[in-house]
Number of protein chains: 2
Amino acid sequence: MQVRRVTVRSRKCEVILPDEDVTQAAHSPTIVDVATRAGVSRATASRALGHYGRIAPATIKRVEQAAEALGYRPNELARAMRIGITKTIGLVIITDFTNAFFDRVTKAIVDEAKLHGYQVLITNTDEDSEIERQAVETLLEKQVDGLIVVPSLSKNYDHLGAAKLGGRPIMLIDRRLDNLPFTAIITDDFAGAQNAVRHAISLGHKRLGFLISAASVENVTAQRPAELVSTVFDRTEGFLRGAFDAGIKRSDQHWIFCEDEPKSSEAAVASLLDRPNPPTIIFTSNNDMALAVLKVAGNRRLTIGRDISLVTVDDSQWAAAIVPGITVIARPVEEIGRLAVQRLLSEIADPGQPTEIVVLPTTLIARDSVANLYLEGFRSS
Amino acid sequence: MQVRRVTVRSRKCEVILPDEDVTQAAHSPTIVDVATRAGVSRATASRALGHYGRIAPATIKRVEQAAEALGYRPNELARAMRIGITKTIGLVIITDFTNAFFDRVTKAIVDEAKLHGYQVLITNTDEDSEIERQAVETLLEKQVDGLIVVPSLSKNYDHLGAAKLGGRPIMLIDRRLDNLPFTAIITDDFAGAQNAVRHAISLGHKRLGFLISAASVENVTAQRPAELVSTVFDRTEGFLRGAFDAGIKRSDQHWIFCEDEPKSSEAAVASLLDRPNPPTIIFTSNNDMALAVLKVAGNRRLTIGRDISLVTVDDSQWAAAIVPGITVIARPVEEIGRLAVQRLLSEIADPGQPTEIVVLPTTLIARDSVANLYLEGFRSS
DNA sequence: CCAGTTTGCGAGAACGATCTCGCACTGGTG
DNA sequence: CACCAGTGCGAGATCGTTCTCGCAAACTGG
């Protein structure tokens with residue numbers, strides 16, 4: 001990459017010191033410096049600034065003035081080491097963009113944490129279980145007070161067990177982890193998916209396509225893989241149940257499982273559209289797949305919401321703004337983040353609460369990407 | 001919000017201890033525990049695990065086995081305090097979604113940092129200068145080794161000066177900060193914008209609309225506000241220069257400055273389209289504005305790339321996938337993040353390097369949202 | 001066989017905060 | 001005047017590491 005570099009000024013290091021005292025420009029002042037300047041001991045200075053213990057009001061004032069003059073800022077590391085609380089939580093997450101989960105939940109977590117005086121150490125696992133293990137370990141070494149984890153697909157959860165061992169609580173978000181006694185904040189993806197199918201059927205759709213993202217699959221397959229991330233699993237089950245309840249025949253259910261690669265998912269969409277009796281609507285398990293539908297449909301000059309219908313999971317600004325608006329199963333992503341922080345902090349303050357799985361409801365936002373086939377029939381007659 | 005709660009199991013606390021030693025289940029083992037078990041002193045244990053100093057190979061093995069058996073994990077807090085390095089950098093950023101800057105750059109920074117053994121403490125300022133001040137202060141108290149900051153619009157940079165005081169380096173990203181001697185990684189938004197106008201003009205566009213987001217403006221105005229974020233400022237200048245170079249009359253340049261609110265920006269778009277001689281193309285300074293164009297055009301049954309053209313800044317997956325694809329001024333967001341981390345770590349390792357402003361080039365990705373008016377003219381004739 | 005070097009290890013001092021303890025001083029009371 | 005409670009403050013321990021220093025044992029060579 002070509003880079004244009006502009007040197008603005010060679011740093012001349014003319015820094016305005018907070019006080020006339022230039023003797024120690026290098027190291028930032030400690031509480032000893034404050035104490036010396038105020039003419040008291042370390043202990044008294046600490047009491048004065050921490051407002052605890054027995055101390056004369058006049059001394060407090062003197063110490064505070066000294067601290068102010070020196071520009072004293074406490075070393076949170078030392079403080080944390082002494083009192084055993086870092087006021088920091090670790091976030092182990094999978095940074096993927098299209099689903100607008102990572103960014104929304106991260107913002108919610110960071111903001112909610114700050115509201116309670118906590119900072120967030122963030123790590124990305126890229127859906128790799130080994131990286132996740134290391135990330136958890138590193139965060140624990142950094143002495144975080146608790147962890148929020150989007151668990152990656154894995155069979156081995158030893159590292160999460162070890163996490164408990166340190167006595168520090170963990171909250172799982174977005175995905176369930178069966179057989180693990182942790183609190184999890186998830187969404188009711190089963191009901192959401194079921195509901196979406198019901199909606200489509202009410203608009204006259206009878207041949208349904210399901211485009212399911214599956215990390216464990218290579219390329220594309222019609223065979224349902226044994227392993228699915230819990231969210232995708234639940235969506236799949238919900239779609240299935242919706243179709244079953246409406247009495248849709250198996251031959252009118254077009255299932256495709258495919259890896260999260262543009263090429264694969266676009267091929268999958270194409271294969272759906274090329275079938276003899278193609279589906280009139282495609283349900284996608286995430287936004288990557290939905291974008292593939294948009295792309296392939298666009299290339300074929302098919303109009304979404306007329307020639308082919310679409311429903312996906314997770315709302316986004318573009319889904320609302322484009323024409324036609326995309327009908328989505330919206331999940332309360334910010335609520336997940338906020339709840340996770342609140343419960344984590346509650347668990348930190350008061351450990352030993354019973355674990356539970358909190359399931360937040362989803363909302364179907366009906367826009368125009370699902371055609372009303374009754375209306376179409378009426379129109380064409 | 002209604003919540004379905006499912007208590008999975010009341011934690012029965014049957015934790016498998018890493019060793020038969022049950023005497024101290026509460027506190028995680030320290031190096032003293034390891035030393036005791038290995039029958040050596042603290043110092044020797046530290047040497048064995050840290051692989052430094054003079055130590056017998058047999059002792060190393062004994063200590064390592066003890067550490068393994070106890071499940072010893074070093075306390076990074078204590079370590080950091082002793083050696084004065086936390087291996088943590090602070091990220092002060094504005095979490096906004098539509099521009100796909102926050103999430104992409106965050107991922108890049110987190111990943112690049114991890115590559116070098118660093119963790120990232122993240123804070124959100126919501127474009128508020130006072131919050132930014134506090135965030136920087138908190139991060140410095142947490143003893144981060146350096147800071148990466150997306151500076152919020154402000155006149156007061158005292159807190160950034162104070163940051164230097166602690167001797168810890170800062171990297172600015174995304175936005176320039178004039179008059180401040182910091183290294184900044186930004187993009188060539190001027191050239192990018194100029195180039196985009198040139199492209200449009202080459203396709204026959206002569207009446208140009210510019211929709212500029214301006215935080216300091218209330219609602220909508222045609223008056224250019226005195227204060228613009230540097231990125232938006234540069235884009236504005238670039239648009240202006242492109243129009244000037246092509247000899248576009250002032251009366252054919254339709255400028256609108258508006259706050260970052262859907263209502264305002266949609267009103268702004270409407271007012272552009274309602275003019276007597278409306279622009280054939282709208283350049284937007286960010287994706288919020290672009291989505292407003294999509295929405296209003298959709299409501300009016302105008303087709304993007306035919307009835308009205310559109311160019312915006314920052315590429316995204318949806319801009320590539322929808323029909324028509326949106327022509328964008330793509331910025332190397334990941335490169336910004338990576339470079340920022342690299343230079344920050346370099347500055348941490350070897351302080352006193354000259355500051356400079358690094359300007360990364362943008363790329364115009366031409367898709368179909370810009371109509372070829374020559375072709376149109378040809379077609380309609 | 002002894003002086004000198006090398007080797008392995010432990011005692012103790014940091015890092016910067018908090019917190020317990022007890023000392024000295026004040027002032028009130030019998 | 002003696003006693004006691006209360007007040008303000010400082011000495012020192014502590015959190016869990018790392019690192020300097022010096023000591024003793026082992027090894028070397030003349």
Side-chain angles (χ1 to χ4, degrees), chain A residues 24 26-64 66-67 70-88 138 140-145 166-167, chain B residues 24 26-64 66-67 70-88 138 140-145 166-167:
Chain A
Q24 37 190 9
H27 91 298
S28 41
T30 73
I31 200 160
V32 176
D33 301 320
V34 175
T36 311
R37 190 187 174 99
V40 295
S41 72
R42 263 188 353 266
T44 304
S46 185
R47 266 191 297 257
L49 296 174
H51 295 103
Y52 67 94
R54 292 187 309 229
I55 187 154
T59 312
I60 294 185
K61 186 161 272 178
R62 228 174 43 253
V63 172
E64 279 176 344
L70 292 174
Y72 168 74
R73 293 275 100 215
N75 182 328
E76 273 298 322
L77 237 55
R79 181 162 209 277
M81 186 149 107
R82 180 68 236 258
I83 67 179
I85 292 169
T86 54
K87 287 265 178 187
T88 306
T138 306
L140 290 177
E141 289 177 6
K142 287 241 156 92
Q143 307 300 116
V144 293
D145 295 337
Chain B
Q24 37 190 12
H27 90 298
S28 41
T30 73
I31 200 161
V32 176
D33 301 321
V34 175
T36 311
R37 191 188 172 97
V40 296
S41 72
R42 258 185 0 260
T44 304
S46 184
R47 267 190 297 259
L49 297 175
H51 295 104
Y52 67 96
R54 294 188 306 231
I55 188 158
T59 312
I60 294 186
K61 186 160 272 178
R62 230 174 42 252
V63 172
E64 280 177 344
L70 292 173
Y72 169 72
R73 294 276 98 215
N75 182 328
E76 274 297 323
L77 236 55
R79 183 163 206 277
M81 185 146 111
R82 178 67 235 257
I83 67 179
I85 292 169
T86 55
K87 288 265 180 186
T88 305
T138 306
L140 290 177
E141 288 177 7
K142 287 241 156 89
Q143 308 300 115
V144 294
D145 296 337

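No hydrogens, no waters, no symmetry mates; every other heavy atom, side chains included, goes into these values. Per chain, numbering begins at 1; letters A, B, ... match sequence-line order. Since we're looking at a predicted model, the values are computed, not measured.
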ask   = Can you check whether A:K142 reaches A:T88 side chain to side chain, under 4.5 Å on heavy atoms?
value = no

task = Give a yes/no on whether any side-chain N or O of A:S41 is located under 4.0 angstrom from OP1 or OP2 of D:dG10.
result = yes

Side-chain heavy atoms of B:E64 within contact of B:L49, under 4.5 Å = yes

query = Looking at A:T59, does any N or O in its side chain come under 4.0 Å of the phosphate oxygens OP1/OP2 on D:dC9?
reply = yes

Atom pair distance, as rounded to whole Å: CG in A:L70 and C1' in C:dG16 = 15 Å

ask   = Taking OP1 and OP2 of D:dG10, is either one under 4.0 Å from a side-chain nitrogen or oxygen of A:T44?
value = yes

inquiry  = Can you measure A:Q143 atom CD to D:dC15 atom P for me and round it to whole angstrom units?
reply    = 14 Å

ask   = Within the structure shown, what part of the strands sits under 4.0 Å from B:V40 by heavy-atom distance: base, sugar-phosphate, or nothing?
value = sugar-phosphate

inquiry  = So A:R54, base contact, sugar-phosphate only, or nothing? Heavy-atom distance under 4.0 Å.
reply    = base

ask   = To the nearest angstrom, how far is B:I31 atom CD1 from D:dC19 atom P?
value = 11 Å

Minimum-distance nucleotide to B:P57 side chain [options: D:dG8, C:dG16, C:dG8] = C:dG8

task = Could you check how far CZ of A:R47 sits from P of D:dT7, rounded to whole Å?
result = 14 Å

task = Report yes if the side chains of B:R73 and A:L140 come closer than 4.5 Å at any heavy-atom pair, otherwise no.
result = no

query = Backbone N or O of B:Q143 within a donor-acceptor pair of the B:T86 side chain at under 3.5 Å?
reply = yes

remark   = In whole angstroms, the gap separating P of C:dC19 from CE of A:M81 amounts to 14 Å

message = Rounding to an integer number of Å, can you tell me how far A:R42 CZ sits from C:dA14 P?
response = 12 Å

query = So do B:E76 and A:T138 actually touch side chain to side chain, heavy atoms under 4.5 Å?
reply = no

key: 5' precedence on DNA chain C between B:I83 and B:A43 (nearest-nucleotide basis)   = B:A43

task = Would you kindly give the CD1-to-C1' distance between A:I85 and C:dC19, to the nearest whole Å?
result = 14 Å

request  = Remember a base hit wins even if backbone is also touched, and classify A:A56 as base, sugar-phosphate or nothing at under 4.0 Å, heavy atoms.
outcome  = sugar-phosphate

remark   = The nucleotide from C:dC9, C:dC19, C:dA17 with an atom nearest the side chain of A:Y72 is C:dA17

Between C:dA17 (C1') and A:E76 (CD): distance, integer Å = 10 Å

